[in-house]
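Accompanying notes for the structure given below.
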Amino acid sequence: MATASEGDVPARLYLAIGRLSRSLRRSGSTGMGHGSISALSTLTYSGTLRLGDLATREGVAAPTMSRIVAGLVESGFVRREPDPADRRAWLVTATEEGERIVSSVRSTRMQELSRRLDKLPEADRDLLINSIPVLEALLVDSAEG
């Protein structure tokens, strides 16, 4: 039988990861919404995508992604062009400026995370470092499911 603290592990882990993620997102704030930064990051690391494929990867409806991309195009962070294979579809690509924004946000967030890690006692940092492969294994499991 699981103890109360063992039963709390999924909830505590979920809350801790979610709160840390939100906190780091605030530290690298660009004034753009999370959805815009996330879509721009996906384009930066995945390359050109159809608008519908980007929406699927981001887990949002096509009309939502269309609004996000329109704002990114207006800001000069994304280029949109008709898909030559299907003129009804659009291809979207991060511009150099969009890639710079993603790089800057990532750098700021990594610096903030590094600052927080440096504040931890060495033993806690070692525990956290040793848990990274376990957390990565949870990601692999979710990708297969």
Side-chain angles (χ1 to χ4, degrees), residues 2 6-122 124-145:
E6 289 173 346
D8 291 344
V9 168
R12 290 180 62 204
L13 186 58
Y14 176 80
L15 286 172
I17 290 170
R19 288 176 177 163
L20 178 60
S21 178
R22 283 189 300 278
S23 175
L24 291 172
R25 280 197 309 256
R26 284 191 300 271
S27 72
S29 179
T30 61
M32 294 170 44
H34 172 65
S36 294
I37 287 289
S38 182
L40 188 54
S41 294
T42 297
L43 289 172
T44 295
Y45 296 110
S46 298
T48 301
L49 292 171
R50 286 177 129 192
L51 188 62
D53 293 336
L54 179 59
T56 299
R57 285 188 187 200
E58 291 295 303
V60 300
T64 300
M65 185 52 63
S66 188
R67 283 190 300 277
I68 289 170
V69 167
L72 292 170
V73 167
E74 187 176 314
S75 298
F77 301 139
V78 167
R79 234 182 354 269
R80 179 175 56 193
E81 54 194 25
D83 182 346
D86 181 355
R87 293 289 180 181
R88 298 168 297 168
W90 290 95
L91 295 175
V92 289
T93 307
T95 63
E96 285 184 27
E97 182 62 21
E99 291 174 358
R100 277 193 291 275
I101 291 288
V102 168
S103 178
S104 174
V105 166
R106 178 179 167 85
S107 176
T108 300
R109 291 176 181 173
M110 292 303 101
Q111 288 172 10
E112 175 61 18
L113 183 55
S114 181
R115 184 186 68 75
R116 293 178 189 195
L117 290 170
D118 288 345
K119 288 180 168 182
L120 292 175
E122 186 176 353
D124 288 348
R125 262 195 320 275
D126 290 345
L127 280 171
L128 191 55
I129 290 165
N130 290 329
S131 72
I132 293 171
V134 177
L135 292 170
E136 290 169 340
L138 292 174
L139 291 170
V140 170
D141 186 48
S142 72
E144 295 171 358

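Computed over heavy atoms, backbone and side chain alike; hydrogens, waters and symmetry mates excluded.
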Heavy atoms only: give me the nearest [X]-[Y] pair and the separation to one decimal.
X    : Y    : result
L117 : R125 : O-CD, 3.1 Å
L72  : A39  : CD1-CB, 4.4 Å
R80  : V73  : CB-CG2, 4.0 Å
L40  : A94  : CD1-CB, 4.0 Å
A85  : D83  : N-OD1, 2.9 Å
R109 : L24  : CG-O, 3.2 Å

Note to self: Take a 6.0 Å sphere around OH of Y45 and say whether it holds more than 12 heavy atoms from other residues, nucleotides or ligands.
What the structure shows: yes

Item checked: Over 12 foreign heavy atoms within 6.0 Å of CZ, R106 -> no

So, does [X] use its side chain to make a donor-acceptor pair with the main chain of [Y] at under 3.5 Å?
X    : Y    : result
S107 : S103 : no
S38  : H34  : no
S66  : A62  : no
T56  : G52  : yes

Would you mind reporting whether [Y] and [X] have side-chain heavy atoms less than 4.5 Å apart?
X    : Y    : value
R50  : L91  : yes
L127 : D124 : yes
R67  : T64  : yes
E58  : I68  : no
R115 : Q111 : no
S21  : R25  : yes
V105 : M32  : no
I101 : I37  : yes

Margin query: I need the single residue from T93, T48, L49 that forms a side-chain contact (heavy atoms from CB on, under 4.5 Å) with L43. Which is it?
Written below: L49

Atom [atom1] of [X] and atom [atom2] of [Y]: how far apart are they, to the nearest 0.5 Å?
X    : Y   : atom1 : atom2 : value
L54  : M65 : CG    : CE    : 4.0 Å
L15  : D8  : CG    : CG    : 10.0 Å
E99  : S41 : CD    : OG    : 11.0 Å
L138 : I17 : CG    : CD1   : 7.5 Å
E96  : F77 : CD    : CZ    : 13.5 Å

Note to self: Quick test of your reading of the model: are R100 and E97 salt-bridged, counting only N-O distances below 4.0 Å?
What the structure shows: yes

